[in-house]
Amino acid sequence: MINNYIKIAWRNLLKNKAFSSINIIGLAIGMAGALLIALWLQNMLSMDRFHMKGDRLYVISNRDMNQGQMWAWVNTPKIMGPKLKKDFPDIEKFTRYDQFNNFLTTYNNKKIVSQVAFVDPGFFDMFSFPIVKGNKNKLLQNANSVVLTQKFAETLFGNSDPVGKTIKIDSVNLVTVDAVLQDLPNNTSMQFDYLLSWEYAKKIGYTDENWQNNSIETYVLLRETTPLEAFNNKIRLVSQNHINVGNNEIRSTNEIFAFPYQDAYLYNKSVNGAYTAGRIQLVHLFTWIGSFILLVACINFMNLSTARSERRAKEVGVRKVVGADRKSLIAQFIVESVLISFAAMILAVGCIILILPAFNNLVEKNLHISLLSGSNWLFLIIFTIITGVLAGSYPAFFLSSFKPLKTLKGKLNSYKRGLSVRSILVILQFSIAIILTIATIIIFQQIQHTKDRDRGYDDNGLLVSSISGELEKNYLNLRNELLASNAVVSVSKNMSPVTDRYSNGMGFSWPGSSESDKKVSFNRFSTDADAVENLGFTLLSGRDIDIYKYKTDSNAMLLTETAVKSMRLQNPIGQVIHGDRENWTVVGVIKDFIVDSPYGETLPMIIFGPKSWFTNIHYRLNPNNSTVNNLKTVADIFKKFNPDYPFEYKFIDKNFEAKFKETQSIGTLSMLFAVLTIFISCLGLFALIAYMAETRMKEIAVRKVLGASIGQLTSLLSVDFIKLVLMAILIASPIAWWVMDNWLQDYNYRIEIQWQYFAAAGLMAILISLATISFQTIKAALSNPVDSLRDE
């Protein structure tokens with residue numbers, strides 16, 4: 001019987017090629033959009049979930065009050081892992097993890113700046129990164145061993161076996177290759193070229209036992225019989241017990257807890273000290289968007305199918321007269337829609353293969369669709385059948401309900417004024433499209449609003465380079481030669497790029513401060529000299545730090561205006577601030593500047609003098625010379641004082657722009673899917689216009705014979721559909737406002753939602769609808785009335 005349904009359906013599809021083609025295109029667009037989102041979401045939902053012992057893997061996290069709010073964060077002291085393993089038998093294995101991007105790796109004549117992570121030997125028993133070469137049981141047992149990824153090993157050694165060979169790190173330390181890991185999968189949050197041991201970190205002076213230095217990640221593998229809640233109760237006060245012993249500066253209230261590693265990628269944002277938000281919100285958002293796109297495509301199919309009801313009515317009548325029951329007719333129409341769905345799937349998969357590289361670039365993923373995977377084919381087949389049944393269900397029940405007597409007499413006229421089911425479907429389509437359009441407008445307005453925010457520094461011609469190799473030792477000579485080169489007008493050494501925060505801390509005290517003030521968290525920055533001039537800060541009072549001009553400035557300090565307010569200092573210049581086991585003298589106050597998220601609130605910041613630590617060098621290019629010539633001169637100077645390292649730099653304005661990348665990706669995706677939804681919606685509108693024109697051809701002919709103009713006829717046919725779009729605008733606007741208002745609550749620095757955004761989206765929908773409607777209505781108005789009235 002199925003074969004008969006397929007044969008009949010196939011004949012009908014071939015008989016109506018134009019109709020079938022439009023239906024296939026509409027469904028294919030919706031299916032391609034939904035599948036792209038599904039592919040992306042599958043990657044996100046599988047992130048870090050492939051490890052065999054994943055159900056026992058946990059990341060150690062912190063929880064504490066900070067400025068009146070409970071916060072949670074995953075960075076821990078370097079001593080945390082070994083201490084927990086020693087004191088708590090519930091832990092089977094542990095590893096510390098810290099990642100760096102600027103290690104110089106040398107083998108023969110090859111020099112590569114690499115991405116490196118420090119781990120403990122337990123890493124290989126905890127995480128499922130397969131070893132393709134080497135002995136898994138003896139990895140990173142000492143400071144002189146290294147484990148490479150497959151891709152990096154091929155880059156460094158070519159096709160030769162790297163195990164047992166020696167490479168040089170930072171032009172100083174020799175390490176031997178223990179093993180080679182299989183290339184990292186695209187659904188791991190860990191990214192590195194090779195792994196070094198914490199013994200190596202100790203060798204280069206990177207380790208410490210400071211319980212207040214939260215700077216790395218700590219992972220534990222709990223034993224199978226260990227309940228998480230009981231374990232968390234045991235470890236809760238570990239940090240407090242170590243920080244508060246003999247510490248008179250601050251009494252810690254910090255608690256630690258283990259959080260499932262498998263959930264850490266999606267739930268990466270804390271709310272009231274619990275990880276309940278983060279990337280999971282993106283998953284929810286785009287699940288809805290993908291569902292809406294597929295729904296709009298199915299609605300379009302329904303409208304196209306039911307618009308042909310007049311042409312299918314006699315077929316239904318004849319088949320019922322010769323004995324077909326309603327169930328068989330429903331089955332036939334469902335089979336037709338499933339066949340169209342399969343054709344649409346083939347087209348959709350072809351489209352996905354073509355556009356996937358651009359989509360990967362947009363979402364910064366390495367997604368791929370394998371046509372050799374049986375599970376993928378099974379998913380596509382099930383997805384296609386469900387889509388076909390969903391799209392074809394209403395047309396099947398609608399068409400099979402026709403009465404044979406009326407259809408054979410040609411008296412079927414199902415067009416009704418007012419809100420028919422098809423009209424409601426069009427309203428629903430355009431409502432979804434308008435919601436996405438409004439969302440896109442608001443997202444890009446929020447981005448632009450934040451980009452226009454006063455950054456507090458001048459990024460014009462400002463560059464930053466990491467301090468690596470010999471740069472720290474040769475910094476003074478480097479600085480002097482840069483300033484003498486005429487390529488650079490100012491230089492300063494700093495703790496981090498001016499766009500990023502590398503450190504924050506509590507425990508500061510000042511004249512008039514209380515015990516509670518020691519719980520206020522301050523962002524940290526540092527400078528050796530000329531930060532105001534070089535970085536373009538606005539000096540509000542006092543002077544800049546300059547160790548080369550003022551020899552006593554080793555312990556000088558700058559405060560931002562928000563820091564002054566937090567400290568309640570009336571006359572900050574000359575005040576002594578105690579913190580980090582040092583006394584610092586305030587020499588100046590500067591205007592706030594943005595670090596971390598540009599959407600966030602301005603937090604108090606302290607800028608330490610030269611006795612602090614540094615990781616970066618900022619320098620401003622001479623605007624009177626060409627950028628190319630300036631960079632060539634600067635590169636030569638850096639190579640002179642750091643010959644083993646390539647010259648690497650970043651423009652600060654590009655660093656700032658990168659902060660908007662995730663939000664811009666969301667906005668771009670929303671825009672693309674809004675365009676797809678509008679296009680599919682217009683196909684549905686076109687179908688309804690075609691159906692309406694077909695059922696009213698005699699009315700149009702009579703009006704034309706009686707003298708109605710083309711303009712009057714076009715208006716007559718259009719007005720009902722413009723009303724549908726207007727209704728969609730009225731329905732979509734409050735929904736879009738509610739959704740986007742909730743979205744904006746995640747940003748401290750945000751826009752107010754304006755009525756113009758809704759007006760722009762509504763006007764766009766009306767204009768696109770008019771363009772769609774006009775083609776069909778003018779065609780109907782220009783038709784020859786004789787053809788329509790001939791049988792009268």
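What you see is a predicted model, and the numbers here were worked out from it, not measured in a lab.
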Cationic tip of [X] above [Y] ring, under 6.0 Å, 45° of axis:
{"X": "Arg543", "Y": "Tyr550", "answer": "yes"}
{"X": "Lys83", "Y": "Phe88", "answer": "no"}
{"X": "Arg453", "Y": "Tyr749", "answer": "yes"}
{"X": "Lys591", "Y": "Phe537", "answer": "no"}

Neighbour count above 12 (heavy atom, 6.0 Å) for [X] [atom1]:
{"X": "Asn571", "atom1": "CG", "result": "no"}
{"X": "Gln99", "atom1": "CD", "result": "yes"}
{"X": "Lys202", "atom1": "NZ", "result": "no"}
{"X": "Glu752", "atom1": "CD", "result": "no"}
{"X": "Gln191", "atom1": "CD", "result": "yes"}

Going by heavy atoms in the side chains, are [X] and [Y] under 4.5 Å from each other?
{"X": "Tyr619", "Y": "Ser490", "value": "no"}
{"X": "Asp517", "Y": "Arg568", "value": "yes"}
{"X": "Glu648", "Y": "Ser465", "value": "no"}
{"X": "Asp263", "Y": "Tyr261", "value": "no"}
{"X": "Ser541", "Y": "Ile573", "value": "yes"}
{"X": "Leu84", "Y": "Phe94", "value": "no"}
{"X": "Leu540", "Y": "Ile590", "value": "no"}
{"X": "Asn523", "Y": "Pro604", "value": "no"}

Salt bridge between [X] and [Y], side-chain N to carboxylate O under 4.0 Å?
{"X": "Lys632", "Y": "Asp636", "answer": "yes"}
{"X": "Asp500", "Y": "Lys659", "answer": "yes"}
{"X": "Lys611", "Y": "Glu582", "answer": "yes"}
{"X": "Lys451", "Y": "Glu657", "answer": "yes"}

[X]/[Y] aromatic ring centres below 6.0 Å:
{"X": "Phe638", "Y": "Phe647", "answer": "yes"}
{"X": "Phe508", "Y": "Phe522", "answer": "yes"}
{"X": "Phe100", "Y": "Tyr206", "answer": "yes"}

Asn102/Tyr645 under side chain to side chain donor-acceptor pair (under 3.5 Å): CA gap, chis, key distance, verdict: CA-CA 10 Å; Asn102 59 348; Tyr645 282 72; over 6 Å; no
ring-ring contact (aromatic ring centres under 6.0 Å, His included) partner of Phe525, the single match among Phe593, Phe608, Tyr502: Phe593
Would you say [Y] and [X] are linked by a side-chain donor-acceptor pair, where the criterion is simply a distance under 3.5 Å?
{"X": "Thr527", "Y": "Ser492", "result": "no"}
{"X": "His618", "Y": "Asn534", "result": "no"}
{"X": "Asp193", "Y": "Gln115", "result": "no"}
{"X": "Asp528", "Y": "Tyr475", "result": "yes"}
{"X": "Asn474", "Y": "Asn642", "result": "no"}
{"X": "Asn477", "Y": "Lys640", "result": "no"}

Is it true that a side-chain atom of [X] and a backbone atom of [Y] form a donor plus acceptor pair closer than 3.5 Å?
{"X": "Asn555", "Y": "Trp584", "result": "no"}
{"X": "Ser270", "Y": "Tyr275", "result": "no"}
{"X": "Asp170", "Y": "Leu104", "result": "yes"}
{"X": "Ser145", "Y": "Asn142", "result": "yes"}
{"X": "Asp592", "Y": "Thr560", "result": "no"}
{"X": "Trp71", "Y": "Asn272", "result": "no"}
{"X": "Arg501", "Y": "Asp596", "result": "no"}
{"X": "Ser197", "Y": "Glu199", "result": "yes"}

When rounded to the nearest 0.5 angstrom, what distance separates [atom1] in [X] from [atom2] in [Y]?
{"X": "Ser554", "Y": "Ile545", "atom1": "OG", "atom2": "CD1", "result": "10.0 Å"}
{"X": "Arg620", "Y": "Glu533", "atom1": "CZ", "atom2": "CD", "result": "8.5 Å"}
{"X": "Phe656", "Y": "Asp459", "atom1": "CZ", "atom2": "CG", "result": "8.0 Å"}
{"X": "Leu535", "Y": "Asp458", "atom1": "CG", "atom2": "CG", "result": "9.5 Å"}
{"X": "Glu255", "Y": "Asn233", "atom1": "CD", "atom2": "CG", "result": "10.0 Å"}
{"X": "Asp644", "Y": "Thr106", "atom1": "CG", "atom2": "OG1", "result": "6.5 Å"}

Nearest non-hydrogen partners of Leu744 and Gln446, listed with the distance: CD2-OE1, 3.7 Å
How are the rings of [X] and [Y] set relative to one another: parallel (under 30°), tilted (30 to 60°) or perpendicular (over 60°)?
{"X": "Tyr219", "Y": "Phe127", "result": "perpendicular"}
{"X": "Tyr649", "Y": "Phe651", "result": "perpendicular"}
{"X": "Tyr200", "Y": "Phe118", "result": "tilted"}

Qualifying residue, where the test is side-chain hydrogen bond (donor to acceptor under 3.5 Å, both in side chains) with Asn630 and the options are Asn624, Asn625, Asn486: Asn625
Full working for side chain to side chain donor-acceptor pair (under 3.5 Å) between Gln448 and Asp452: CA-CA 6 Å; Gln448 191 57 49; Asp452 293 338; 3.1 Å; yes
Listed once per pair and sorted, the salt bridge (charged side-chain N to carboxylate O under 4.0 Å, His left out) pairs that draw on residues 266-281, sequence neighbours left out: Lys269-Asp746
